[in-house]
**Q** 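I'd like to ask you about the structure that follows.
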Amino acid sequence: MTAPLTVSAVQYEALDGGVDANVPEHVRLIEDADSHGARLVVFPELSLTGYDLPLLRHGNQRGGDQWVMAGDHRLDPIREICRRTGITAVVGAPFREGDGTPRLASLAVHPNGMEEAGFKVHLHGDEQSLFEAGPGYQARQEPLLLDVDGWTIALAICFDAAHPAHSGAAAAAGAEVYAVSALYTQEEGRRLGLHLGARAMDNRMYGVLANLGGRTTLGPSCGLSGFWGPDGLSMQNAGGTGTEVVTAVLRRGSLDRYR
């Protein structure tokens with residue numbers, strides 16, 4: 001039987017200054033998660049820049065290019081802390097593919113140096129003018145699946161979690177954990193709980209949410225980063241709306257009771 005998996009969901013209040021300002025804080029928080037035994041650390045949507053779409057659109061006039069590419073040297077400190085601790089970290093970034101295609105991405109940095117990128121499928125609002133929707137189940141591909149210590153983790157980004165077919169495709173592909181990087185604002189706390197609880201219960205898997213914290217361009221965060229069990233019930237959540245590391249141990253037995 002696969003051993004339990006310790007996961008940290010990082011509720012993160014992004015700093016002004018883009019990638020260069022936020023990478024050191026990511027390293028510090030991964031170190032914090034390591035002290036709690038985490039093997040997987042999940043950060044929110046666009047954690048490396050904050051949810052600042054004008055910054056991405058006009059970055060060269062406001063402090064340099066904030067778009068990340070494969071092998072971006074600015075992420076070397078994150079690669080090094082993952083190598084040193086054995087942690088897989090999922091960070092949120094504006095990402096340009098090799099052909100220039102702009103994506104809203106979750107980047108998985110593995111301790112062996114491998115990196116994988118999962119793209120937001122369900123863009124909304126101003127995102128649609130800045131990013132191209134990622135391939136996913138609509139293109140007959142499941143969401144990005146990670147293997148962490150024998151557990152299968154599906155990645156989702158914010159509005160993806162509002163679409164049951166997205167998590168359903170993940171579950172059909174064998175996902176045991178549905179890890180959502182998001183921004184839910186102050187008025188959306190109930191919606192957040194319904195989304196994560198329903199996705200977990202309907203698919204008999206764990207739900208994990210890392211929410212952007214603090215004040216954002218869309219309004220104040222509602223916090224509530226945390227974990228939901230395969231019964232759809234909340235296991236553990238952040239106590240406030242600022243930066244906080246929430247850690248839980250996911251056990252196979254809890255899944256087996258519902259499968």
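Quick caveat: nothing in here was measured; it's all calculated off a predicted structure. Side chains are part of it too, since the values below use all heavy atoms of this structure and drop only hydrogens, waters and symmetry mates.
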**Q** Could you check if a side-chain atom of Ser221 sits within less than 4.5 angstrom of a side-chain atom of Leu212, using non-hydrogen atoms only?
**A**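 Result no, sub-4.5 Å side-chain heavy-atom pair not found.
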
**Q** Ignoring hydrogens and geometry, is there a side-chain-to-backbone donor-acceptor pair from Asn211 to Ser225 under 3.5 Å?
**A**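 Looks like no, no N/O pair under 3.5 Å.
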
**Q** Would you confirm whether Arg251, through its side chain, and Pro4, through its main-chain N or O, come within 3.5 Å as a donor-acceptor pair?
**A**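 Pair absent, no side-chain N/O of Arg251 close to backbone of Pro4.
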
**Q** Is the side chain of Asp160 donor-acceptor paired with the backbone N or O of His122 at a distance under 3.5 Å, no angle test?
**A**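 Checked: pair present.
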
**Q** List in chain and number order the residues that pass side chain to side chain donor-acceptor pair (under 3.5 Å) with Thr185, two or more places apart in sequence or in another chain; answer none if no residue qualifies.
**A** Glu187, Glu188

**Q** Between Asp72 and Arg74, is there a donor-acceptor pair closer than 3.5 Å when you use the side chain of the first and the backbone of the second?
**A**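 Answer holds: yes.
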
**Q** Any side-chain heavy-atom pair from Leu48 and Leu75 closer than 4.5 angstrom?
**A**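 Yes - at least one pair of side-chain heavy atoms lies under 4.5 Å apart.
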
**Q** What's the spacing between Asp126 CG and Leu218 CG if we round to 0.5 Å?
**A** 8.5 Å

**Q** For residues Leu53 and Leu15: do they belong to one hydrophobic cluster (side chain heavy atoms under 4.5 Å, members Ile, Leu, Val, Met, Phe, Trp, Tyr)?
**A**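 No, it is not one cluster - the side chains of Leu53 and Leu15 are not joined through contacts under 4.5 Å.
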
**Q** Quick one: do Asp52 and Thr217 satisfy side-chain hydrogen bond (donor to acceptor under 3.5 Å, both in side chains)? Show the steps, please.
**A** CA-CA 6 Å; Asp52 187 346; Thr217 57; 5.9 Å; no

**Q** CZ/Arg79 to NE2/His73 distance, rounded to the nearest 0.5 angstrom?
**A** 9.5 Å

**Q** Taking C-beta and beyond as the side chain, do Met69 and Glu97 meet within less than 4.5 Å on heavy atoms?
**A** no

**Q** Please round to the nearest 0.5 Å and tell me the distance separating atom CD1 of Ile30 and atom CD of Glu80.
**A**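 The CD1 atom of Ile30 sits 11.5 Å away from the CD atom of Glu80.
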
**Q** Test salt bridge (charged side-chain N to carboxylate O under 4.0 Å, His left out) on Glu31 and Arg84 and set out the steps.
**A** CA-CA 10 Å; Glu31 289 176 329; Arg84 183 161 60 82; 3.1 Å; yes

**Q** Would you name the heavy atoms of Leu209 and Ala182 that are closest together and state the gap between them?
**A** CD1-CB, 3.6 Å

**Q** Can Leu145 be reached from Leu155 by stepping across I, L, V, M, F, W or Y side chains whose heavy atoms are under 4.5 Å apart?
**A**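 No, separate clusters.
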
**Q** Drop me the distance from Trp228's CH2 to Tyr206's OH, to the nearest 0.5 angstrom.
**A**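 Here the interatomic distance stands at 14.5 Å.
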
**Q** For Phe43 and His26, take the angle between the two ring planes, folded into 0 to 90°, and tell me which bin it lands in: parallel under 30, tilted 30 to 60, perpendicular over 60.
**A**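 Aromatic pair Phe43/His26 classed parallel.
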
**Q** Tell me, yes or no, whether the heavy-atom count around Asp76 atom CG, taken from other residues, nucleotides or ligands under 6.0 Å, exceeds 12.
**A**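 Yes, CG of Asp76 has more than 12 neighbouring heavy atoms, counting only those of other groups under 6.0 Å.
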
**Q** Looking at side-chain heavy atoms only, is the closest gap between Asp147 and Thr152 below 4.5 Å?
**A**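 Heavy-atom side-chain distance check fails, nothing below 4.5 Å.
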
**Q** With a cut-off of 6.0 Å (strictly less than), are more than 12 heavy atoms of other residues, nucleotides or ligands near CZ of Arg96?
**A**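 Enclosed: over 12 neighbouring heavy atoms sit under 6.0 Å from CZ of Arg96.
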
**Q** Should Ile87 and Val109 be regarded as members of a common hydrophobic cluster, given that ILVMFWY residues are connected when their side-chain heavy atoms come within less than 4.5 Å of each other, either directly or indirectly?
**A** yes

**Q** Applying side-chain contact (heavy atoms from CB on, under 4.5 Å), can you list everything that pairs with Pro111, at least two apart in sequence or on another chain?
**A**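 side-chain contact (heavy atoms from CB on, under 4.5 Å) check on Pro111 returns Thr88.
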
**Q** Test of understanding: clusters of I, L, V, M, F, W, Y form through side-chain heavy atoms closer than 4.5 Å, transitively. Do Val148 and Val208 belong to the same one?
**A**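 The answer is yes; both residues are in one hydrophobic cluster.
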
**Q** How about Trp151 and Tyr178: are their ring centroids closer than 6.0 Å?
**A**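 No, ring centres 6.0 Å or more apart.
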
**Q** For Arg190, look at atom CZ and say whether over 12 heavy atoms of other residues, nucleotides or ligands are found less than 6.0 Å away.
**A** no

**Q** Which value, rounded to the nearest 0.5 Å, describes the distance between Tyr184 atom OH and Cys222 atom SG?
**A** 8.5 Å

**Q** Within 45 degrees of the ring normal and closer than 6.0 Å to the centroid, is that where the cationic atom of Arg103 sits relative to Phe119?
**A** yes

**Q** Output the distance between atom CG (Asn22) and atom CD (Gln66), rounded to the nearest 0.5 Å.
**A**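 Reported to 0.5 Å precision, the distance equals 9.0 Å.
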
**Q** Sub-3.5 Å donor-acceptor pair from the side chain of Gln11 to the main-chain atoms of Gly242, do we have one?
**A**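 Checking the backbone N and O of Gly242 against the side chain of Gln11, a donor-acceptor pair under 3.5 Å is found.
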
**Q** Examine Leu144 and Leu104 and state if one hydrophobic cluster contains both, with Ile, Leu, Val, Met, Phe, Trp and Tyr joined whenever side-chain heavy atoms are less than 4.5 Å apart.
**A** no

**Q** Got a donor-acceptor contact below 3.5 angstrom from the Thr85 side chain to the Ile81 backbone?
**A**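 Checked: pair present.
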
**Q** I need the single residue from Val249, Leu250, Val41 that forms a side-chain contact (heavy atoms from CB on, under 4.5 Å) with Thr6. Which is it?
**A** Val249

**Q** Is the number of heavy atoms from other residues, nucleotides or ligands under 6.0 Å of Asp202 CG greater than 12?
**A**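 More than 12 within 6.0 Å, yes.
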
**Q** Could you walk me through whether Thr241 and Arg215 satisfy the side-chain hydrogen bond (donor to acceptor under 3.5 Å, both in side chains) test, starting with their C-alpha distance in whole Å, then the side-chain angles of each, then the deciding distance to 0.1 Å, before giving a yes or no?
**A** CA-CA 9 Å; Thr241 61; Arg215 300 193 68 84; over 6 Å; no

